[in-house]
Amino acid sequence: MGRLFLILGLSLSLTATLHAADWPQLLGPTRDGHSTETKLLWDWPASGPPLAWKKDVGTGWAGPVVAGGKLICFHRIDDEEVITCLDPATGNELWTFKYPARYRDQFGFDNGPRATPTIADGKIFTLGANGDLHALDLAKGNKLWARNIVTDYKASKGFFGVACSPLFVGGKLLVNVGGKGAGVVAFDPANGNELWKATDDEASYSSPTAADIHGKPAAIFLTRAGLKVLDPATGKVQFEFPWRPRLNESVNAATPLVWKDEIFLTVSYSTGAVLLNTKGAEIADIWSNDKSLSCQYNTPVRIGDYLYGVHGRSDVGTAQLRCVEWKTGAVKWSVPNFGVSSLIAVDGGLLALTETGDLVRFDASPEKYQERARALILSKPVRAAPALADGRFFARDGNKLVCVNLRKD
């Protein structure tokens, strides 16, 4: 068994090396906000980095993804959810797939979709705001299979619709469905058939991640109730830890971060953050509080021994960019009124895409906040996570998708 894990680990490492320029899922190749690209353009002119192209798109908070020389935009146009495949270099359309969309946001914010697609094994997996799970062929956009997880598992759509970005791990497609006895479900990526289901946890707005814990593959979910660490092969729960706001009108939205055998969770709404240590069959907190890094919906990034993320909420105007020590939760510095932002660690520093549409470059340093460049590239509000692939930065708001060139000529 140990040899099998070694082989799997080497295979994953090789895949990451071969496709280092891709951004095939939420938060990048390793679902932790890190890019391996180097020697990019950071000396921007006053007008900002070059805009390679822009394209009108529909509504939604699903971020773009890139793999195999194809860029996928998942958006809503009128009464259809649309999956559009573009040439990343030019923005030219390669193919489009669409289907009827029934979701209506009860708060009037946006009719979706919310979940960033996942590209794996030559397929695209999308999950719409009303629970429509699709698998398409990446090359031509042909539908391979489809099912509705809300109908099939009698799951709730939550406050703002379905928003879990599917996780491809161990040859299976995992989703926080939120049904009774089907809190997490593993699907066969070839045909959409159920492979296993586990837990009674309702779905959150957090997307899962995968990691090795104690040398064994694990799927890590922050559900509506809290942390669930599962064996992706069987669905067996390995660890669990309750962590959710007391207020019912709240969401868990940031993706868990894993470092070695430690797991970091963060939630806003007077809940805060916790760093957990898995010890054999037990799990215990190293530190927890609501004063260090309480993230509303964006996932922080870990660089070295420090976390960089946004503390506070967009809807009450308290969002601060912060650097926090991983081991202790000590706040090293804070930038007031920075705004809720998506972060990418790249080329020795960080990129932030703020909710007001600013693209910001700053140092990855616990000593102080040092901003290096800033440019307005989108219009408020910006909720979708961006992508960075082959030196191109892809980002969208509620009506346009832009490609910013960060490559040195």
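Note that the structure is a prediction, hence the values are computed from the model and not measured. This chain uses plain numbering: 1 for the first residue, then up along the sequence.
Between the Trp287 side chain and the Trp326 main chain, a donor and an acceptor come within less than 3.5 Å of each other. Not one N or O on the side chain of Asp200 forms a donor-acceptor pair closer than 3.5 Å with the backbone of Lys180. Judged by distance alone, the side chain of Asp397 and the main-chain N or O of Lys400 form a donor-acceptor pair under 3.5 Å. A donor-acceptor pair under 3.5 Å is formed between the side chain of Ser206 and the backbone N or O of Ala254. Within the 3.5 Å criterion, the main-chain N or O of Asn193 finds a donor-acceptor partner in the side chain of Asn191. Counting only distance, with no hydrogens or angles, the side chain of Trp145 and the backbone of Pro189 share a donor-acceptor pair below 3.5 Å. The main-chain N or O of Pro232 is found under 3.5 Å from a side-chain atom of Trp196 such that the two form a donor-acceptor pair. A donor-acceptor contact shorter than 3.5 Å links the side chain of Tyr308 to the backbone of Ser365. Side-chain N or O atoms of Gln320 include none that pairs as donor or acceptor with a backbone N or O of Ser334 at under 3.5 Å. Remark: the backbone N or O of Leu293 is paired with a side-chain donor or acceptor of Thr266 at under 3.5 angstrom.
Contact annotation: the side chain of Glu355 never approaches that of Asp358 to less than 4.5 Å [non-hydrogen atoms, C-beta and beyond]. By the 4.5 Å heavy-atom criterion applied to side chains, Tyr153 and Arg147 are counted as neighbours. Here the side chains of Phe187 and Ile149 are in contact, with some heavy-atom distance below 4.5 Å. Counting heavy atoms from C-beta on, the side chains of Val237 and Thr199 come closer than 4.5 Å. Side-chain contact check for Leu353 versus Ile377: some heavy-atom pair is nearer than 4.5 Å. Using a 4.5 Å heavy-atom threshold, the side chains of Trp44 and Leu406 count as touching. In this structure, the side chains of Pro381 and Asp110 stay at 4.5 Å or more apart for every pair of heavy atoms. Proximity of Ser341 to Val382: side-chain heavy atoms (C-beta onward) are nowhere separated by under 4.5 Å.
Qualifying salt bridge (Lys or Arg N to Asp or Glu O under 4.0 Å) partners for Asp261, counting only residues two or more places apart in sequence or in other chains: none. Listed by chain and number, the residues in a salt bridge (Lys or Arg N to Asp or Glu O under 4.0 Å) with Asp285 amount to none (sequence neighbours excluded). The side-chain hydrogen bond (donor to acceptor under 3.5 Å, both in side chains) check on Asn92 picks up Thr90, with sequence neighbours excluded. Checked against side-chain hydrogen bond (donor to acceptor under 3.5 Å, both in side chains), Thr59 has no partners two or more places apart in sequence or in another chain.
Remark: of the listed residues Lys228, Arg224, Arg244, Lys228 is the sole one forming a salt bridge (Lys or Arg N to Asp or Glu O under 4.0 Å) with Asp201. For the side-chain contact (heavy atoms from CB on, under 4.5 Å) with Leu276, the qualifying choice from Val258, Val229, Ile283 is Ile283, the only one to do so. The residue from Lys98, His75, Glu93 that alone fulfils the side-chain hydrogen bond (donor to acceptor under 3.5 Å, both in side chains) condition with Thr84 is His75.
Residues Gly128 and Pro113 come closest through the heavy atom pair CA-CB, 4.3 Å. Taking every heavy atom of both residues into account, Cys73 and Val57 meet most closely at SG-CG1, 3.9 Å. Heavy-atom minimum distance, Ala129 versus Arg114: CB-CD, 4.0 Å. For the residue pair Thr116 and Val65, the shortest heavy atom distance occurs at CG2-CG1, 3.5 Å. Closest heavy-atom contact between Ala389 and Phe394: O-CE1, 4.1 Å. Heavy atoms only, all atoms of each residue included: Arg374 and Phe338 are closest at NH2-CE1, 3.7 Å.
Rounded to the nearest 0.5 angstrom, Asp22 CG and Leu71 CG are separated by 11.0 Å. A distance of 12.0 Å separates CG in Asn252 from SG in Cys295, rounded to the nearest 0.5 Å. Atom CG in Asp32 sits 10.0 Å away from atom CD1 in Ile303 (nearest 0.5 Å). The distance from the CG atom of Leu265 to the CZ atom of Phe241 is 7.5 Å, given to the nearest 0.5 Å. Interatomic distance, Leu133 CG to Leu127 CG, rounded to the nearest 0.5 Å: 5.5 Å. The distance from atom CG of Leu136 to atom CZ of Phe97, rounded to the nearest 0.5 Å, is 5.5 Å.
Annotation: salt bridge (Lys or Arg N to Asp or Glu O under 4.0 Å) contacts involving residues 53-78, sequence neighbours excluded, comprise Arg76-Asp79. Sorted by first and then second residue, the pairs that involve residues 320-337 and meet salt bridge (Lys or Arg N to Asp or Glu O under 4.0 Å), not counting sequence neighbours, are Glu262-Lys327.
Atom CD of Gln238 has more than 12 neighbouring heavy atoms from other residues, nucleotides or ligands inside a 6.0 Å radius.
Note on ring orientation: taking the six-membered ring where Trp is involved, the planes of Tyr369 and Phe362 are tilted (angle from 30° to 60°). Relative orientation of the Tyr205 and Phe160 rings is perpendicular, given thresholds of 30° and 60° on the angle between their planes. Aromatic ring orientation, Phe109 versus Phe107: parallel (interplanar angle below 30°, classes split at 30° and 60°).
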Worked verdict on Val150 versus Asn130 for side chain to side chain contact (heavy atoms under 4.5 Å, CB included): CA-CA 7 Å; Val150 171; Asn130 205 57; 6.0 Å; no
Given Asn176 and Ser204, is the side chain to side chain contact (heavy atoms under 4.5 Å, CB included) satisfied, shown in steps? CA-CA 7 Å; Asn176 185 191; Ser204 70; 3.8 Å; yes
List the steps, then state whether side chain to side chain contact (heavy atoms under 4.5 Å, CB included) holds for Ile220 with Ile213. CA-CA 10 Å; Ile220 301 96; Ile213 296 179; 4.3 Å; yes
In sequence, state the C-alpha distance, the side-chain angles, and the governing distance for Phe264 and Thr299, and then conclude on side chain to side chain contact (heavy atoms under 4.5 Å, CB included). CA-CA 10 Å; Phe264 177 78; Thr299 302; over 6 Å; no
Stepwise salt bridge (Lys or Arg N to Asp or Glu O under 4.0 Å) test for Asp231 and Lys236: CA-CA 5 Å; Asp231 179 347; Lys236 181 181 178 181; over 6 Å; no
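Geometrically, Arg372 does not engage Trp42 in a cation-pi contact defined by less than 6.0 Å to the ring centre and at most 45° from the axis.
Under a 4.0 Å N-O distance rule, the pair Lys368/Asp363 does not qualify as a salt bridge.
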